**Student:** 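I'd like to ask some things about the structure below.
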Amino acid sequence: MSSADLEIDPLSAARLLLGAELTGRGVTATVVEVEAYGGPADGPWPDAAAHSYRGPGLRNSVMFGPPGRLYTYRSHGIHVCANVVCASDGVAAAVLLRAAVVDTGLDVAWSRRGAAVRESGLARGPGNLCSALGITMDDNGTDLFDPRSPVRLRLGELRVGDAGPRVGVSKAADRPWRMWLPGHPEVSAYRRSPRAPAPGESD
DNA sequence: AACGTGATCTTA
DNA sequence: AAGATCACGTTA
């Protein structure tokens, strides 16, 4: 398994990432919740909710690059969130990592997240996931399959999880591009964006 | 339902 | 230059 296995569409990549093992600075975790994101209107997967929708810019350029890289962005001024870039070089698509089960390095994860959080909450939510694994904006663009990289990914079997709408997006709010492995308390509850149009009125 | 928080983007 | 937006998380 290598970055070539991610040269696929974002929905397939999302399924491939369910159950994958993510390692970040002393913590390894199993990915249990992801969201697929596409690209501009004239690309293969038009997606108004994607950062890449309006073409490459300073923030999102990694999304347009080769697969197997990490795309990080800062959200709401506070949190760092992480995506795995998929599709061919030059085509924008990525999968947001929303939740994971911490397998090893629990003490490290707890020291980063604070002793008060429950074990199932260590990497619950995209911001918390990055916090638990020590992922920062400096990791933007890093090669997840380079053994020297501080953040690495090991792909497993293709898993088909449950699917539903993405959390918190105001565009394409009904599109069922969030996927998760059922039965894990790490998976976030669904929250529709208050700015999204009523269900059924969005593409 | 509200809000803290700041980078990024759109609009002018 | 100004204003809106936001792939969040916590508290209520």
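Owing to the predicted nature of the structure, the values given are computational and were not obtained by experimental measurement. Lettering of chains follows the sequences in order, A, B, ..., and the numbering in each one begins at 1.
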**Student:** Given a 3.5 Å cut-off on both pairing distances, which stems involving DNA chain C, each at least three consecutive Watson-Crick or G-U pairs, are present, if any?
**Tutor:**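 The stems are B:1-4 with C:8-11, B:6-11 with C:1-6.
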
**Student:** Running the 4.5 Å side-chain criterion over Ile, Leu, Val, Met, Phe, Trp and Tyr, what cluster does A/V160 land in, apart from itself?
**Tutor:**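 Besides A/V160, the hydrophobic cluster comprises nothing; the residue is isolated.
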
**Student:** Keeping to residues at least two apart or across chains, list the salt bridge (charged side-chain N to carboxylate O under 4.0 Å, His left out) pairs with something in residues 82-97 of chain A.
**Tutor:**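 Listed once each, the pairs would be none.
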
**Student:** Other members of the hydrophobic cluster containing A/L58, with the 4.5 Å side-chain heavy-atom rule, please.
**Tutor:**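 None, because no other hydrophobic side chain comes under 4.5 Å of this residue.
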
**Student:** Between protein and nucleotides 10-12 of chain B, what N or O pairs are separated by less than 3.5 Å?
**Tutor:**
none

**Student:** Just to verify, what does A/N83 make a side-chain hydrogen bond (donor to acceptor under 3.5 Å, both in side chains) with, not counting sequence neighbours?
**Tutor:**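 For A/N83 there are no side-chain hydrogen bond (donor to acceptor under 3.5 Å, both in side chains) partners, ignoring immediate neighbours.
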
**Student:** Can you run down the salt bridge (charged side-chain N to carboxylate O under 4.0 Å, His left out) pairs that involve residues 94-107 of chain A, sequence neighbours left out, and say none if there aren't any?
**Tutor:**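 Listed by first then second residue: A/E33-A/R98, A/E35-A/R98.
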
**Student:** With sequence neighbours excluded, give me every salt bridge (charged side-chain N to carboxylate O under 4.0 Å, His left out) pair touching residues 13-26 of chain A.
**Tutor:**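 Qualifying pairs: A/E21-A/R154, A/R25-A/D139.
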
**Student:** Taking side-chain contact (heavy atoms from CB on, under 4.5 Å) as the criterion, tell me which of A/L97, A/V84, A/T28, A/V102 meets it with A/L22.
**Tutor:**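 Filter result, single survivor: A/L97.
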
**Student:** Just to verify, what does A/R148 make a salt bridge (Lys or Arg N to Asp or Glu O under 4.0 Å) with, not counting sequence neighbours?
**Tutor:**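 Residues passing salt bridge (Lys or Arg N to Asp or Glu O under 4.0 Å) with A/R148: A/D146.
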
**Student:** Reading nucleotides 3-12 of chain C 5' to 3', which nucleotides get B (base under 4.0 Å from a protein heavy atom), which S (sugar-phosphate only), which -?
**Tutor:** ---BBBSB--

**Student:** Which whole number of Å gives the distance between the P atom of C/dA7 and that of B/dT11?
**Tutor:**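 It comes out at 16 Å once rounded to the nearest Å.
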
**Student:** Which other residues belong to the hydrophobic cluster containing A/V167, where Ile, Leu, Val, Met, Phe, Trp and Tyr are joined when side-chain heavy atoms lie under 4.5 Å apart, directly or via other members?
**Tutor:**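 Hydrophobic cluster check, A/V167: joined to A/Y190.
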
**Student:** Determine which pairs satisfy salt bridge (charged side-chain N to carboxylate O under 4.0 Å, His left out) with at least one residue from residues 44-63 of chain A, sequence neighbours left out, and list them in order.
**Tutor:**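 Listed once each, the pairs are A/D47-A/R166, A/D47-A/R175.
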
